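When reading the values below, keep in mind they use all heavy atoms of this one structure, side chains included, and skip hydrogens, waters and symmetry mates. Sequential numbering from 1 along the given sequence is applied to the chain's residues. All of these numbers come straight from a predicted model, not from anything done at the bench.
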Amino acid sequence: MSIIERAVDKLTKNADSSTKGRGEDGVATSLDFPVGDNVERDRSKVAGEAGHIADSGRMASGVPAGTLEIPFAHLHSLGMVTHIAPRSEIAESYRIIKRPLLMNMAREDASDTVNLIMVTSALQGEGKTFSAINLAMSIAMEEDKTVLFVDADVAKASAGTLLGVSHDANGLIDVLENGDIDVGDVILPTNIRNLRVIPAGHIHERSTELLASDNMRLIMRELCQRYPDRVVIFDSPPLLLASEASVLANLMGQIVFVVAADETPQHAVTEALQRIGGDKIIGTVLNKTRSNPFNKSVYGYGYGYGYGHEGRYRNTRIEGEVGQEGR
């Protein structure tokens, strides 16, 4: 059975069993986590992470000129990860989700691009931008990591809107189109100490060609090699709706693939995964699973993790609770 077939099979099993193994608060009471005991050990870092990002959040009251002020209260109202509720269920869940990604970066045989992580989906409305921002916010809690968030969904730029980026801000596309603009010119510092943002930039009719250009490859090399502690998170367009997504996937080291439970057709999952190179590390997030059939306002997600390099495959299931805004 191929890596794609196994991923699809696992997602199907996840959807069928999404209400099993939960405690009274809806959080999974047992975890199958084959990458070792590192997750449990890393839970001891939670208190330190919470204080770290809280300190970062306090910068908002006196941020330097040119700093992007992320609207923490608005993101919190949408059920997203912020310093406002560092011990919330969504924050705890993303602590677990980020761990395999960070562990891959620490592997001795890791590729040069392993710190380039693309978050995508098959179709629109499955929660990829929600997941990308949450992942970036969670990794920014790490003491020894910095995060560069790239809004690469250049047609919609919804991530930039959520993060408070101005609609007329220069960004990735402007760097690719204009040789006089350096990538450093469009990186925005934020009121989170360890987080930087690159906006999508202005809409361009040849965005696919620009993303597939040699200039883009040079930029990606610079982004992943300039700072060894940097994790670069890309919010990508859906794989089946925009050719830009497939182009970006070829440049990435890790892919986080978001699937909406009871919404995304299985054939769409299969087709989308086939557009990702077989040498990529692929993790799957099962989003919008109902934890209680009588409570339609509460959803959960499962995180299936695997990789297909050299024919190997690993996979896990982790459940948590997210708000309906996770859509």
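Side-chain N or O atoms of Ser138 include none that pairs as donor or acceptor with a backbone N or O of Asn134 at under 3.5 Å. Proximity of a side-chain donor or acceptor of Thr120 to a complementary backbone N or O of Pro237 within less than 3.5 Å is detected. Gln254 places a side-chain N or O within 3.5 Å of a backbone atom of Leu101 that can act as its donor or acceptor partner. With hydrogens and angles disregarded, a donor-acceptor distance shorter than 3.5 Å links the side chain of Asp174 to the backbone of His202. A donor-acceptor contact shorter than 3.5 Å is absent between the side chain of Lys128 and the backbone of Phe257. Of the possible polar contacts, none joining the Asp153 side chain to the Ala159 backbone as a donor-acceptor pair under 3.5 Å is found. In terms of modelled atom types and a separation under 3.5 Å, the side chain of Asn115 and the main chain of Met105 share no donor-acceptor contact. Not a single donor-acceptor pair under 3.5 Å links the side chain of Glu126 to the backbone N or O of Val259.
Using a 3.5 Å distance cut-off with no hydrogens or angles, the side chains of Thr67 and Asn191 do not pair a donor with an acceptor.
Within 6.0 Å of atom CD in Gln124, 12 or fewer heavy atoms from other residues, nucleotides or ligands are found, so the atom counts as exposed in its surroundings.
Arg99 is not listed as a side-chain neighbour of Arg95, based on a closest heavy-atom distance of 4.5 Å or more.
Grouping the Ile, Leu, Val, Met, Phe, Trp and Tyr side chains by contacts below 4.5 angstrom, directly or via other members, places Leu123 apart from Ile255. Under a hydrophobic clustering in which Ile, Leu, Val, Met, Phe, Trp and Tyr are joined whenever their side-chain heavy atoms come within less than 4.5 Å, directly or via other members, Met216 and Ile173 fall into the same cluster.
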